[in-house]
Amino acid sequence: MIWLALALNLNVSLFWTDIGSKQALVCHVSVLQTCLNQLSPHVRQQLPNTQADFRHELGRRGAMVLAVDDEDISGLVLLAPSHLPESVVVDLSGSIYSFDLAQQKQMTLWHELGHLEAKRLVEQGMFKPLSEFQHEWLADSYLIWRSAKERKSLDLAWQQYHRRNLDVIKDVSFMSHWSVPMLDQILQRYSLEELNKFDKFGDLIADLLPHLIFLNQDELNEFSSLIHRTFSPQAFMNLPNYMYWRKPALRKYFEPTLVSLLGGEGAQQWLQEQSLLTDAEPFSVDPAFLAEP
């Protein structure tokens, strides 16, 4: 895939970028009217009527994507960088920790473009209509692939992995965006060099799909309950056997983030305190967990 040069310059307030054989228009909220003037009447009529409507839909989010049905245009990405967070702050067992977020404007753009790529995969027949969770893990998968291709590094991929965990630790209502079970499979299956061999995002997903283990809604609900019980400051009662059948997977998904946040020894102690690590279980720190943003 060839991306337009302008797409690499995030100081530009308005530019076009490739989504397969189509293009997406990316614009800063400050130039919304100029942005809308670039669109044909056919595309424009599929979008909110007024600037006030756009701003209402955007709310306090740092970005939003609006897909359209058109032969040439995939959709519109609206960016509001002033709303993007610079860190995630979490309360873990009564102690406050801050996790810095790097390259948020670029990361947000890749994620929103990933939603348009997900729509393209549906149009190509690779997926049936997507649920919100499916849309989110595909958008994050595109972010991982795109960051690996352009940065020749998995640092931002791990940052997104950690952020999804930290967001759901803070508020379990973010479960619809908890792409970690899918990102884990990508990061465990492919090295940086292997990810870079896929010239198109669709090629990566086609290679990955036969090996993916999907979570159904009942399984996600169980993880949601266990995450709340494990991490919420309001969960005072210690229930070491609560959903014990999900605890090995929960440890697997959160251990990298805990190591990044607490260090190896701190993560081991915390896991033991939460009955997520027994004396019989080995504990080791994968250096990839500690990748710096």
Side-chain angles (χ1 to χ4, degrees), residues 3-19 23-39 43-44 47-48 50-68 73-90 98-119 132 135-136 138-151 153-168 170-171 174 176-177 179 183 291-293:
W3 293 291
L4 298 184
L6 277 177
L8 302 178
N9 183 357
L10 288 179
N11 292 321
V12 175
S13 297
L14 184 157
F15 58 85
W16 294 91
T17 191
D18 296 337
I19 299 291
Q23 289 193 313
L25 180 59
V26 180
C27 65
H28 192 291
V29 67
S30 64
V31 294
L32 177 56
Q33 189 56 58
T34 303
C35 182
L36 297 177
N37 291 341
Q38 310 298 309
L39 301 172
V43 171
R44 183 65 186 88
L47 300 173
T50 67
Q51 290 194 46
D53 292 335
F54 275 95
R55 294 177 188 278
H56 177 75
E57 285 198 30
L58 179 64
R60 297 294 299 173
R61 290 181 291 167
M64 72 174 180
V65 61
L66 297 165
V68 298
I73 298 176
S74 178
L76 168 69
V77 176
L78 189 61
L79 299 174
S82 63
H83 294 167
L84 294 174
E86 297 181 354
S87 64
V88 180
V89 177
V90 295
S98 179
F99 182 80
D100 291 337
L101 299 173
Q103 302 292 321
Q104 278 305 282
K105 193 171 179 180
Q106 181 68 84
M107 295 273 282
T108 300
L109 174 59
W110 285 335
H111 177 82
E112 300 303 333
L113 293 176
H115 281 293
L116 296 179
E117 285 282 353
K119 176 177 178 288
E132 183 179 5
H135 245 294
E136 292 301 332
L138 280 168
D140 276 350
S141 299
Y142 177 80
L143 183 157
I144 284 181
W145 171 77
R146 184 79 182 260
S147 67
K149 296 286 284 185
E150 295 199 21
R151 290 177 62 88
S153 168
L154 293 177
D155 56 351
L156 293 182
W158 279 107
Q159 176 179 291
Q160 190 71 356
Y161 179 105
H162 297 325
R163 182 182 181 182
R164 292 308 187 200
N165 272 340
L166 294 171
D167 282 344
V168 82
K170 286 184 60 176
D171 187 346
F174 279 97
S176 63
H177 287 60
S179 57
L183 301 188
E292 293 293 333

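Heavy-atom basis, side chains included; hydrogens, waters and symmetry copies ignored. Starting from 1, each residue takes its place in the sequence as its number.
For the residue pair Q106/R151, the side-chain donor-acceptor check at 3.5 Å is not satisfied.
Proximity of L78 to C27: side-chain heavy atoms (C-beta onward) are separated by under 4.5 Å at one or more points. Side-chain contact check for I73 versus L25: every heavy-atom pair is 4.5 Å or farther apart.
Residues satisfying the side chain to side chain contact (heavy atoms under 4.5 Å, CB included) test with S98, not counting sequence neighbours, are S87, V89, D100. Residues meeting the ring pair (Phe, Tyr, Trp, His ring centres under 6.0 Å) test with H28, sequence neighbours left out: none. For S153, the side chain to side chain donor-acceptor pair (under 3.5 Å) test picks out D155, with sequence neighbours left out. Qualifying side chain to side chain donor-acceptor pair (under 3.5 Å) partners for S82, counting only residues two or more places apart in sequence or in other chains: none. For Q51, the side chain to side chain contact (heavy atoms under 4.5 Å, CB included) partners are L32, Q33, R55, not counting sequence neighbours. Residues passing the side chain to side chain donor-acceptor pair (under 3.5 Å) test with H111 are H115, E136, D140, sequence neighbours excluded. With sequence neighbours left out, the side chain to side chain contact (heavy atoms under 4.5 Å, CB included) criterion links A24 to T17, I19, L113, L116. With sequence neighbours excluded, no residue forms a side chain to side chain donor-acceptor pair (under 3.5 Å) with E86. Residues passing the side chain to side chain contact (heavy atoms under 4.5 Å, CB included) test with P48, sequence neighbours excluded: D53, F54, E57, L66.
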### Task
Apply side-chain contact (heavy atoms from CB on, under 4.5 Å) to the pair V68 and L39, showing each step before the final yes or no.
CA-CA 11 Å; V68 298; L39 301 172; over 6 Å; no
### Test log, rule side-chain contact (heavy atoms from CB on, under 4.5 Å), inputs R146 and E117
CA-CA 12 Å; R146 184 79 182 260; E117 285 282 353; over 6 Å; no
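Side-chain N or O atoms of Q160 include none that pairs as donor or acceptor with a backbone N or O of L143 at under 3.5 Å.
Across every non-hydrogen atom of K105 and L79, the tightest pair is CE-CD1, 4.5 Å. Between L166 and V90 the shortest heavy-atom distance is O-CG1, 3.7 Å. In plain terms, the two heavy atoms of Y142 and W110 that are nearest each other are CD2-O, 3.1 Å. Across all non-hydrogen atoms, the minimal contact from H135 to K119 is CE1-N, 4.3 Å. Between F174 and D167, the closest heavy-atom pair is CD1-O, 3.7 Å. When all heavy atoms are compared, the tightest approach of C35 to L76 is SG-CD1, 3.5 Å.
With values rounded to the nearest 0.5 angstrom, I144 atom CD1 is found 4.0 Å from L183 atom CG. The distance from atom CZ of F15 to atom CG of L109, rounded to the nearest 0.5 Å, is 5.0 Å. Separating the CG atom in L101 from the CD atom in Q159 is a distance of 5.0 Å, to the nearest 0.5 Å. Here E112 contributes atom CD and T108 contributes atom OG1; the two are 7.0 Å apart, rounded to the nearest 0.5 Å.
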